[in-house]
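Remarks on the structure that follows.
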Amino acid sequence: MHVAFLYPPAFVLLVLLVCFVRCKREQLRIYFARTDLLPPSFIRRDLLPLFIAFLFVLALAGPIGYSSMGVSDHKGRDLVIAIDASGSMGGDFGKESKFDTLKKMVRAFLTHRYDDNVGIVAFGTFAYPAAPITFDLRALQFVLNYLDLSLAGNNTAIGDAIMQAVKMLKKSHAKKKAILLFTDGMQNSGRVSIKQAVAAAKKIGAKIYTVGIGDEYDAKLLERIAKESGGKSFSAKDPDALKEVLSDIDKLEASKLRSKNYIDMQPLFLGVIAFLALMLLYQIKRYL
């Protein structure tokens, strides 16, 4: 049986116990203005109250017992999906519009991204964060369901979309960061240039994977964005091609997220709390 603590920083509180043992009454006033309200046993160096205080700190540290500890390696990355919500995305794309088809396939794409943290950016004339980076896949599905066409205007601000994704990824600590950009148009709006946005993505180590939907997007621009950031550009001229593209993106190289798990874990702090309660009862009886 091995022993570990869930909250080891709690042991910092033991510094106060050292003060009770070594400090004089006058020095105790630095921490306690009314030392006359302290139990006399603290001042007389009675060890029982100190032992009770130690048990309290020990319980806060959360001691546990376990037979062995495993370290699991999960593959994952931080992703921001930038979705073109401009008016042109309302055009026919098989049985549904480009926008509705993309949303449906992105929802399917997210259902098995268990090891990734994902955020969503929607863009048109401007870009905005539709969902912050999160591991809550249900929340992302909810956002996608209520994402509306033309909510951000009818033009296409690709530079703003990339920059908004970069802002979201700046706080990320993941080793692998990626931006998935879906659009059917070309840069014709926005405050941020493509050059500035790509430079910002490269600065934080984020690769940009661009996906052109339909036949009228700026293929050369999307290829340049992907190449300069170390990503890859894809073409999706119909729903089947888009489905294949998402399958290819699904196989991107992932970073490892390490996590610890305790096998046969038993909470020892319950016993500490029970013993602490007995000691408190005994101490109370001493003063009655």
Side-chain angles (χ1 to χ4, degrees), residues 72-86 89 99 102-124 126-148 151-152 156-183 190-192 194 196-211 222 225-226 228-234 242 245-260:
S72 58
D73 290 338
H74 297 286
K75 292 185 176 181
R77 67 181 73 77
D78 277 3
L79 299 174
V80 174
I81 301 176
I83 297 177
D84 188 343
S86 62
M89 286 290 287
F99 187 69
L102 177 58
K103 287 203 304 179
K104 182 183 294 184
M105 292 192 180
V106 169
R107 280 198 294 266
F109 173 78
L110 289 175
T111 54
H112 56 282
R113 306 303 296 180
Y114 300 114
D115 299 322
D116 290 340
N117 294 317
V118 183
I120 297 174
V121 167
F123 68 98
F126 60 92
Y128 68 93
I133 295 176
T134 178
F135 61 87
D136 190 343
L137 299 181
R138 290 185 179 181
L140 293 174
Q141 297 283 0
F142 179 84
V143 170
L144 284 169
N145 287 337
Y146 288 91
L147 200 61
D148 289 330
L151 188 63
T156 308
I158 295 176
D160 285 11
I162 296 173
M163 187 61 77
Q164 188 62 248
V166 169
K167 289 179 180 179
M168 294 170 67
L169 288 169
K170 274 185 176 179
K171 298 179 180 179
S172 165
H173 297 291
K175 292 183 179 180
K176 298 291 184 180
K177 304 173 186 178
I179 299 171
L180 311 183
L181 177 72
F182 297 89
T183 182
R191 298 181 178 180
V192 181
I194 298 292
Q196 289 175 314
V198 174
K202 290 171 64 177
K203 189 175 181 180
I204 64 170
K207 296 181 180 180
I208 305 174
Y209 295 86
T210 60
V211 182
L222 296 188
I225 291 172
E228 290 184 7
S229 66
K232 186 176 179 180
S233 184
F234 300 87
L242 180 57
V245 165
L246 285 168
S247 178
D248 290 341
I249 292 175
D250 198 32
K251 300 172 184 177
L252 293 175
E253 181 183 355
S255 63
K256 292 183 178 180
L257 302 175
R258 300 176 65 86
S259 60
K260 295 179 180 179

- Test log, rule side chain to side chain contact (heavy atoms under 4.5 Å, CB included), inputs Phe182 and Leu246: CA-CA 11 Å; Phe182 297 89; Leu246 285 168; 3.7 Å; yes
- When you look at Asn145 and Arg107, which way does the side chain to side chain contact (heavy atoms under 4.5 Å, CB included) test go after all the steps? CA-CA 9 Å; Asn145 287 337; Arg107 280 198 294 266; 3.2 Å; yes
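Gly190 approaches Ala157 most closely through the heavy-atom pair CA-CB, 3.7 Å. Looking at every heavy atom in both residues, Glu228 comes nearest to Lys202 through O-CD, 3.1 Å. What you find for Leu147 and Lys103 is that their closest heavy atoms are O-NZ, 2.9 Å. Nearest heavy-atom pair across Ser233 and Ala226 is N-CB, 3.6 Å. Between Val166 and Ala197, the closest heavy-atom pair is CG2-O, 4.3 Å. The two residues Pro132 and Met168 come nearest to each other via the heavy atoms CA-CE, 3.8 Å.
Contact annotation: the side chain of Asp84 approaches that of Phe123 to within less than 4.5 Å [non-hydrogen atoms, C-beta and beyond]. With contacts defined as side-chain heavy-atom distances shorter than 4.5 Å, the pair Tyr209/Leu180 qualifies. Two residues are said to be in side-chain contact when any heavy atoms from C-beta on lie closer than 4.5 Å; Thr210 and Ile158 fail this criterion. Contact check for Ile83 versus Phe99: side-chain heavy atoms found under the 4.5 Å cut-off. Within the 4.5 Å cutoff, side-chain heavy atoms of Val211 are placed close to those of Ile249. Residues Thr111 and Leu137 are not in side-chain contact: their nearest non-hydrogen atoms beyond the backbone lie 4.5 Å or more apart. Under the 4.5 Å side-chain criterion, counting only non-hydrogen atoms from C-beta, Leu181 is in contact with Leu222. Residues Phe142 and Asp136 form no side-chain contact, since every pair of their non-hydrogen atoms from C-beta on lies 4.5 Å or further apart.
Heavy atoms of other residues, nucleotides or ligands lying less than 6.0 angstrom from CZ of Arg191 number 12 at most.
Summarising the geometry, atom NZ belonging to Lys176 is positioned 5.0 Å from atom NZ belonging to Lys207; distances are rounded to the nearest 0.5 Å. Between Leu110 atom CG and Ile120 atom CD1 the span is 6.0 Å, to the nearest 0.5 Å. In this structure, Ile162 CD1 and Ile179 CD1 are separated by 6.5 Å, a value rounded to the nearest 0.5 Å. Here the CG-CE distance, from Leu242 to Met105, works out to 5.0 Å after rounding to the nearest 0.5 Å. Of the inter-residue distances, the one linking Asp248 atom CG with Phe234 atom CZ reads 5.5 Å to the nearest 0.5 angstrom. Between Ile194 atom CD1 and Ile225 atom CD1 the span is 4.0 Å, to the nearest 0.5 Å.
With hydrogens and angles disregarded, no donor-acceptor distance shorter than 3.5 Å links the side chain of Asp116 to the backbone of Val118. Under a 3.5 Å cut-off, the side chain of Asp78 and the backbone N or O of Lys177 do not form any donor-acceptor pair.
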